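Computed from a predicted model, the values in this text were never measured in an experiment. Chain letters run A, B, ... following the sequence lines, proteins first and then strands; every chain starts at 1.
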Amino acid sequence: MPTPSRYWREIPQRYRFEAGKCRSCGYVCFPPRLVCPRCGAREFEDIRLAEAGSLVSFTVIRVAPHAFVDQSPYAVGIADLDDGTRLTAQIVDCDFEDLKVGLRVKLEFRKIYEEGETGVIYYGYKFVPE
Amino acid sequence: MRDVAVIGVGMTKWGELWEKSLRTNFVETALLAIEDAGVDRIDSMIVGCMSSGIFTGQEHLASLLADYLGKTPVPAARVESACASGGLALRQGFIEVASGMSDIVLVGGIEKMTDVNGHEATFALGTAADQEYEGYHGLTFPALYAMMAVAHMHQHGTTREQLAMVAVKNHANGSKNPLAQYPFKISVDDVLCSVLVADPLRILDCSPITDGAAAVILCPADMARSMKKPAVRIIGTGQATDTIALSSRKDLTWMESTHVAAGKALEMAGLAVKDIDLFEVHDCFTIAEIMITEALGIAGKGRGGRAVEEGLTAVDGKFPVNPSGGLKAKGHPVGATGVAQAVEVVKQLRGEAADRQVKNARRGLTQNMGGTGGSSVIHIFEAD
């Protein structure tokens, strides 16, 4: 398993929803990047993502990777946030039957999983129906 | 640039090969290709493999395989592009022969996936997604393709039954392939009643976990004409990338890397898609084949589901897709798949495909991709 330091460097995006907005063309990169995939510029400003949006697709995972076996089955989705950014995350606190394209969701800070041997708990964002 | 031909192919039965090690399986296949070509000299080896480090704890693969094949000190290299590793190995072998760097090149593909349990295999395959982003949230490959399927159904009206028809067609084709992992037929009902993996994809929408290898021998086309077997030339090759994260794409239902790579390969060959007689494509999930037929121009945008329903992609249809059984029935040892696609097309163009032979096949196309289409490799073959 990866060491905790691998996760510390992700804290700005995972804890504070920080993205990079290209100073040249305005494209919002999430996760943040060093080079804008649209125009090639390298100057970005840190912005905070919108905290709500609408699902563009979703699924319920029934066969999970080993770190997520205890959570299975769980829903994941891709949402268009209200600022136009597209984001992937788990969808929680909902019935699977209620999932549909267009469903309004908000981002909440949650536990993602914990790593068994060292007991480190990893946090991040999840979608919750509005 | 020199013209390049395939002069030998080798493949053994795929499946859960617990009794065979990674290196044994590779060497068996390589020996078949060497025997088929009727050459004993190998100038260089390229091996496609996605994840032997996670699946078997084995790296330094190319040298290991050169050693066990008894070919040291030939140069040997491993290439990796997730599930497109085999296709990329073929492309690197092509470049090596075309450039004049080497004359006779062995291109192999290998994966040994059943030495780990299902959850570990799911994790290993998931490493082809962005691990610090998609992987962190527990995303799996079936889940990513399931989200493409949900979007395709929502945007284009593709039906659950049309997805199933891809699996039914490919199993019918695979039932005639003695080397396939699952050489039996299934029905639409079988697919719809099978266990859910990631809604709406069920286990019979998914290619299996497979152990397997495949190999081909390449040489300059001029040299090939004096060899034992009828030569099949590689007349086009194309490769392209796309964003790794599915959410970075504007349209979740479109395979841009396949579209771009196919355009490059067809341009190199001086052909249009209508000139191709058969296609071996990367149907890792049923929705993948539907999206690939659209990206290749076999079906219009959003019409891939209707194409399979109308029989356009059947072996006796206008565009036969996956006469081998595809990844779905033949199996999908990830690093070997791209090479095995070439093995099937060469057999078809030589007229050696027995019961699954596509009539009057002169040109074939292979499409191999990694991740959710983060990479695509296309090759076009022509009977010499």
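Residue with the most contacts toward chain B among V69(A), V56(A), T85(A): V69(A) (heavy-atom pairs, distance under 4.5 Å). Top candidate by heavy-atom pairs under 4.5 Å with chain A, chosen from E132(B), Q131(B), E120(B), is E132(B). Note on R14(A), Q90(A), K126(A): by heavy-atom pairs under 4.5 Å with chain B, the leading option is R14(A). Heavy-atom pairs under 4.5 Å with chain A peak, among K250(B), R249(B), M148(B), H154(B), at H154(B).
Contact annotation for Y74(A): only side-chain heavy atoms (C-beta onward) come within less than 4.5 Å of a heavy atom of chain B. Both the backbone and the side chain of L87(A) come within less than 4.5 Å of a heavy atom in chain B. Contacts of V60(A) with chain B are made by both backbone and side-chain atoms, with heavy-atom separations under 4.5 Å. For chain A, no part of Q155(B) is nearby; none of its heavy atoms comes within less than 4.5 Å.
A donor-acceptor contact shorter than 3.5 Å is absent between the side chain of S376(B) and the backbone of G373(B).
Using a 4.0 Å cut-off between charged nitrogen and carboxylate oxygen, D46(A) and R16(A) do not count as a salt-bridge pair. Between R160(B) and D199(B) there is no salt bridge, since none of the side-chain N atoms of the basic residue sits less than 4.0 Å from a carboxylate O of the acidic one. A salt bridge links K112(B) to D115(B): one of the charged nitrogens lies within less than 4.0 Å of a carboxylate oxygen.
Below 30°, between 30° and 60°, or above 60°: for Y123(A) and F109(A) the angle between ring planes is below 30°, a parallel geometry.
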Between F58(A) and F127(A), does a ring-ring contact (aromatic ring centres under 6.0 Å, His included) hold up when you go through it step by step? CA-CA 11 Å; F58(A) 61 89; F127(A) 294 130; over 10 Å; no
